[in-house]
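Chain letters run A, B, ... following the sequence lines, proteins first and then strands; every chain starts at 1. Both backbone and side-chain heavy atoms feed into the values below; hydrogens, waters and symmetry mates do not.
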2 protein chains.
Amino acid sequence: MRVTVDIVLFTIRERRLHLLLIRRLAEPFAGCFALPGGFVLPDESVDAAAARELREEAGVESVYLEQLYTFGEPGRDPRGRIITVAYYAMVPQTQSLQAGTDAADAAWFPVDALPPLAFDHLAIVQYAHTRIRNKLGYTNVGFELLPAKFTLSELQVVHEAILGEPLDKRNFRRRVQLQGIVKPTKEFQATGRKPAQLFRFKD
Amino acid sequence: MRVTVDIVLFTIRERRLHLLLIRRLAEPFAGCFALPGGFVLPDESVDAAAARELREEAGVESVYLEQLYTFGEPGRDPRGRIITVAYYAMVPQTQSLQAGTDAADAAWFPVDALPPLAFDHLAIVQYAHTRIRNKLGYTNVGFELLPAKFTLSELQVVHEAILGEPLDKRNFRRRVQLQGIVKPTKEFQATGRKPAQLFRFKD
DNA sequence: TGACTAAGTGTTCACACGACACTATTCTAG
DNA sequence: CTAGAATAGTGTCGTGTGAACACTTAGTCA
C-alpha cells in the first residue's frame, strides 16, 4: 500500500481564485493536468512530504499548508492501491513561483474554469474550495494570499474571490476592523488614483 | 508503508460524553488502552475499513462515521512506518454494543477521565472532541447520539455533554425549534414525572 | 481644469442570542 | 388523599451582529 500527498495550491490572480496544475508527463493520464504531489518517503512525516512536494514541483517555500482529507478508494489510481492525503496551501500573488519547474508544464487556472483533471483530483479541488469558503466565516484565512502589507480593498478582493460573490464595501470594512484582525500602518499605497491606507495582520 | 484506521466511538452515558477503548493484548503497549482500529485491507476503501473495524471490535453496525484527520509522523508507531486515518463515530446509548468483543477488553470511559492511551491516541481523541464541539455550532451533530424519537431534554443533555457546560433550557428549546431541525410527534414519554413530548429529526 | 477612478465613510432594520423565574403535571411516600 | 419531589414547559427584554443602501474625497490623466 503506497501513500501520496496532493496539494491544492491557491492564489489570487486578476481578482479570481486560481490554483496550480501540472501537466503529467508519465502514464497514467499522460498529458492531463493534475495537482502537484507525490509519494511520501519512508522517513518523512506526511506534512513534510507535502511541504517538500510544494518546494520541488511549485518552487514555493514556507507557505500556509493545511491537511484536508484522505482519499482512499481502491480504484482511484490505476497503478494499484494508492491512498492520498490531500492538502491545501496558499501563496500571495507576489511570490515568485514555479522556480523548480519547467514553465510549460505548470500553470495557474481559475477554479471555475479548470481543464479535465487526472485521477480524482477534481473531487479534491472541490473539497478544498468548500473548505476555504467555510473557513472564511470563522477564521482569518485569506491573509496568506496577501503580502504582509495590504489595503482593505485588496483583502476584500480575496474574500470575494473565495466566496465567488461580491461583498458590500462598508460592511466588509466595518467587520474586519471591529474584529481587530488587522491594524493600520502609517503608509499609503499610491496605485493610480486615490492612495489607499496599508494594513497588517494583527498577530 | 502501512495504513491503519482508528475510530473514536462516542456515546452518552449518565449525562456525560464517553468513548470506547479496547485493552491491547499484543505488544507494543500491551495492557494499555487504545482506540478500536486496524489495518486497511488491500481491496477495501479506507471508509470501509473504519466501518469494518467498528463492526469487528465494537460490534456496532451502520453508525454515523466521519473521517477526522490523518496522523503520519514517522515515529508514531514503534513497529515501523504506519500512517493512521482517524475517524469518529457516534452511537445512541440504547444500541447494544461490544457484541463481537470480549467484554473484559472493551470499556466506555468519560472523555474527561481517560486512562493512559497507546500510541498518539490521546491526540486523536482530543482532535475528535474538538471537532464535534465545533460542529455542534453549525450542524445537526448530536442526533446520532439519540434514538429516532427523543425529548428536547434528552437533546439538551447531549449538547451539554459535548460542550461540557450547562445550557439555558428556554434558549436551547427556542433555538432548536426555530431552526426547524426537529419536528414534534404526538407521543409522550412517561418517564417518572411529568411526561415529555417526543420529537424526531426533520430530514 | 474637467472627467475618470478608486478610497473611504454611517445609519437603520431585522434577527439571533443570552440572561432570567415561574407554573404545570405526574409520581411517590406518608 | 394530600404534600412534596422531580422534571416539563413557557416569554420578555436588552444587546450585539449582519444586511441593505449612496455619496464625498483624493488623486491621475488627458
Inset, instruction - With sequence neighbours excluded, tell me which residues meet side chain to side chain donor-acceptor pair (under 3.5 Å) with Arg15(B). - result: none
Inset, instruction - Assert yes or no for the condition that the ring centre distance of Phe119(A) to Phe71(A) is strictly below 6.0 Å. - result: no
Inset, instruction - Spell out protein contact along nucleotides 22-30 of chain C as letters: B when the base is contacted, S when just the sugar-phosphate is, - when no protein heavy atom is under 4.0 Å; keep the 5' to 3' order. - result: --BBBBS--
Inset, instruction - Using whole Å, report how far CZ of Phe188(A) lies from P of dA7(C). - result: 12 Å
Legend entry - Pairs flagged by side chain to side chain donor-acceptor pair (under 3.5 Å) wherever residues 146-163 of chain B is involved - sequence neighbours left out: Lys149(B)-Glu187(B), Gln156(B)-Glu160(B)
Inset, instruction - Would you mind reading off the distance between Arg174(A) atom CZ and dG16(D) atom P, rounded to a whole angstrom? - result: 14 Å
Inset, instruction - May I have the distance from Phe199(B) (atom CZ) to dG9(D) (atom P), rounded to whole angstrom? - result: 7 Å
Inset, instruction - Ignoring the backbone of Arg170(B), work out which of dG9(D), dG11(D), dC17(C) is nearest its side chain. - result: dG11(D)
Legend entry - Interatomic distance where CD belongs to Gln177(A) and C1' belongs to dG18(D) [whole Å]: 16 Å
Legend entry - First encountered from the 5' end of DNA chain D, between Asn171(B) and Gln179(A): Asn171(B)
Legend entry - Aromatic plane relationship, His129(B) with Phe10(B) - under 30° parallel, 30 to 60° tilted, over 60° perpendicular: tilted
Legend entry - SB check Arg23(A) Asp105(A) (cutoff 4.0 Å): no
Pairs under 3.5 angstrom only: tabulate donor-acceptor contacts from the side chains of residues 137-146 of chain A to other protein residues two or more places apart or in another chain.
{"residue": "Thr139(A)", "atom": "OG1", "partner": "Lys135(A)", "partner atom": "O", "Å": "2.8"}
{"residue": "Thr139(A)", "atom": "OG1", "partner": "Val141(A)", "partner atom": "N", "Å": "3.4"}
{"residue": "Glu144(A)", "atom": "OE1", "partner": "Gly142(A)", "partner atom": "N", "Å": "3.1"}

Legend entry - Arg175(A) CZ to dA19(D) P, straight-line distance once rounded to whole Å: 7 Å
Inset, instruction - Work out how much the helix from dT1(C)-dA30(D) to dG30(C)-dC1(D) bends between its end axes, five pairs an end, to the nearest 10 degrees. - result: 0°
Legend entry - Side-chain H-bond candidate by donor/acceptor type, Asn134(A) with Arg131(A), under 3.5 Å: no
Legend entry - Whether over 12 other heavy atoms sit under 6.0 Å from Asp43(B) CG: no
Legend entry - Result of checking Leu9(B), Ile132(B), Val158(B), Val63(B) against Met90(B) for side chain to side chain contact (heavy atoms under 4.5 Å, CB included): Ile132(B)
Inset, instruction - Check whether any side-chain N or O of Arg173(A) sits under 4.0 Å from OP1 or OP2 of dG8(C), and answer yes or no. - result: yes
Legend entry - Value in whole Å for how far the C1' atom of dG8(C) lies from CD of Gln197(A): 10 Å
Inset, instruction - With a 4.0 Å heavy-atom cut-off, tell me which residues in residues 153-169 of chain B come close to DNA chain D, sorted by residue number. - result: Ser153(B), Lys169(B)
Legend entry - Phe150(A)-Phe201(A) aromatic ring centre distance below 6.0 Å: yes
Inset, instruction - Look at the aromatic rings of Phe33(B) and Phe109(B) and report parallel, tilted or perpendicular, splitting at 30° and 60°. - result: perpendicular
